Amino acid sequence: MKIDEAEQAIKKILPEKRFVHSVSVSETAGRLAKKYGGNEEKARLAGMLHDIAKYFSNDELKAMILSKPGTWHDCLDYSDKLWHAPAGAIYVQEKYGIDDSDLLQAMIYHTTGRKQMTLLDKIIFLADYIEPGRDFPGVEEVRKAAEMDLDTAVLLELQKTIMHLLNQQQRVYPKTFEAYNELVNRHANK
Ligand code: DGI
Ligand code: FE
Ligand code: FE
């Protein structure tokens with residue numbers, strides 16, 4: 001699928017605000033890929049598509065997630081805000097025949113992160129958080145980190161997300177902790 005086609009597709013599916021966010025994540029992801037030696041085209045495509053399932057109903061999301069075997073099924077036991085990520089990957093695979101597993105994985109884990117994140121996982125995870133339209137406490141710190149070092153920025157984002165969830169007394173998906181723990185270790189050993 002070409003980026004223009006993806007843009008046209010999400011324009012039909014998503015409300016204006018989410019469409020603008022997706023285009024912005026796509027651009028930010030392309031920029032990060034260029035900076036950190038990733039595949040720019042793939043990063044832009046993954047960014048464009050990452051939230052494609054954001055407005056499907058919970059029943060639809062659940063059915064899509066269960067339609068394929070996968071280690072992400074456990075997200076159904078956590079916040080329903082997590083569900084659009086794996087469901088989106090399943091949707092683009094079925095609907096557009098996208099079979100690039102690197103791209104699909106980056107979509108699946110764009111909300112939570114995971115252990116052993118690939119370069120593309122990190123780029124999409126970060127681009128989603130720091131795209132210029134985002135405005136929440138702490139985002140500027142992560143933006144600055146993203147200009148210096150990718151892992152430092154991803155770690156900071158994980159830390160802020162976990163703290164936010166704890167402050168709201170919400171559950172934290174274990175893969176988010178796993179991603180955080182792994183990066184903290186790597187950091188300490190630097
Ligand atoms: O889809 P977006 O709004 O662009 O961004 P997202 O996919 O990162 O956001 C989904 C929301 O999920 C975000 O507000 C944080 C929330 N969330 C709920 N439980 C968890 C969680 N995020 C993580 N990383 N881990 C959780 O367990
Ligand atoms: Fe999302
Ligand atoms: Fe997003």
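Order of listing sets the numbers, starting from 1, for every ligand and every atom in it. None of these values were measured; they are calculated from a predicted model. Hydrogens, waters and symmetry mates are skipped; everything else that's a heavy atom, side chains included, is used.
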- Item | Protein contact for atom 18 (C) of ligand 1 (heavy atom, distance under 4.0 Å) | yes

- Query: Is atom 15 (C) of ligand 1 less than 4.0 angstrom from at least one protein heavy atom?
  - Reply: no

Atoms in ligand 1 flagged as close to [X], the criterion being non-hydrogen separation under 4.0 Å:
{"X": "H84", "answer": "1 (O), 7 (O)"}
{"X": "T161", "answer": "22 (N), 23 (C), 24 (N)"}
{"X": "V172", "answer": "27 (O)"}
{"X": "H110", "answer": "7 (O)"}
{"X": "K54", "answer": "1 (O), 2 (P), 3 (O)"}
{"X": "Y173", "answer": "26 (C), 27 (O)"}
{"X": "T112", "answer": "24 (N)"}
{"X": "H21", "answer": "4 (O)"}

- Item | Closest to atom 4 (O) of ligand 1 among K81, R134, Q170, E157 (heavy-atom distance) | R134

- Query: Closer than 2.8 Å to the Fe ion (ligand 3), which protein N, O or S atoms?
  - Reply: H21 NE2, H50 NE2, D51 OD2, D128 OD1

- Rounded to the nearest 0.5 angstrom, the OH-CG distance for Y78 and L165 is 12.0 Å

- To the nearest 0.5 angstrom, please state how far the OG1 atom of T118 sits from the NZ atom of K122. 8.0 Å

- Start with the C-alpha gap between Y96 and I52, add the side-chain angles, then the distance that decides, and say whether side-chain contact (heavy atoms from CB on, under 4.5 Å) holds. CA-CA 12 Å; Y96 310 128; I52 196 162; 3.8 Å; yes

- Query: Looking only at protein heavy atoms, which one is nearest to atom 10 (C) of ligand 1, and how far off is it?
  - Reply: T111 CG2, 3.5 Å

- To the nearest 0.1 Å, how far is atom 26 (C) of ligand 1 from its closest protein heavy atom, and which atom is that? L165 CD1, 3.4 Å

For [X], which part has a heavy atom under 4.0 Å from ligand 1: side chain, backbone, both, or neither?
{"X": "D128", "result": "side chain"}
{"X": "R18", "result": "side chain"}
{"X": "L82", "result": "side chain"}

- Message: For a side chain to side chain donor-acceptor pair (under 3.5 Å) check, start with the C-alpha distance between H110 and D51, then their side-chain angles and the critical distance, and finish with the verdict.
- Response: CA-CA 9 Å; H110 87 258; D51 273 340; 3.1 Å; yes

- Message: Is it the case that ligand 1 has an N or O less than 3.5 angstrom from some N or O of S79?
- Response: no

- Item | Within-cut-off N or O pair, T176 and ligand 1, under 3.5 Å | yes

- Query: Strictly by modelled atom types, are R18 and Y55 linked by a side-chain donor-acceptor pair under 3.5 Å?
  - Reply: yes

- Item | Of H21, M48, E131, H50, the residue whose pairing with S26 passes side chain to side chain contact (heavy atoms under 4.5 Å, CB included) | M48

- Query: Is a side-chain donor or acceptor of W72 paired with a backbone partner of I108 at a separation under 3.5 angstrom?
  - Reply: no

- Task: Give a yes or no on whether the backbone of F19 and the side-chain of K11 come within a donor-acceptor separation of less than 3.5 Å.
- Result: no

- Item | Criterion side chain to side chain donor-acceptor pair (under 3.5 Å) on S24 and E27, from CA distance to verdict | CA-CA 5 Å; S24 193; E27 282 165 3; 5.1 Å; no

- Message: Do I98 and V25 sit in one hydrophobic cluster, given that two such residues count as connected whenever their side-chain heavy atoms are within less than 4.5 Å of each other, even indirectly?
- Response: no

- Message: Do L156 and M148 sit in one hydrophobic cluster, given that two such residues count as connected whenever their side-chain heavy atoms are within less than 4.5 Å of each other, even indirectly?
- Response: no

- Message: Please confirm whether K175 approaches ligand 1 to less than 4.0 Å, judged on its heavy atoms.
- Response: no

- Heavy atoms of A6 and L45 approach each other most closely as CB-CD1, 3.6 Å

- Note on the structure: Checking D74, T112, D77 against Y173 for side-chain hydrogen bond (donor to acceptor under 3.5 Å, both in side chains), the one that qualifies is D74

- Just wondering, are more than 12 heavy atoms of other shown residues or ligands nearer than 6.0 Å to NZ in K95? no

- Item | Worked verdict on I13 versus F56 for side-chain contact (heavy atoms from CB on, under 4.5 Å) | CA-CA 10 Å; I13 296 177; F56 295 176; 4.2 Å; yes

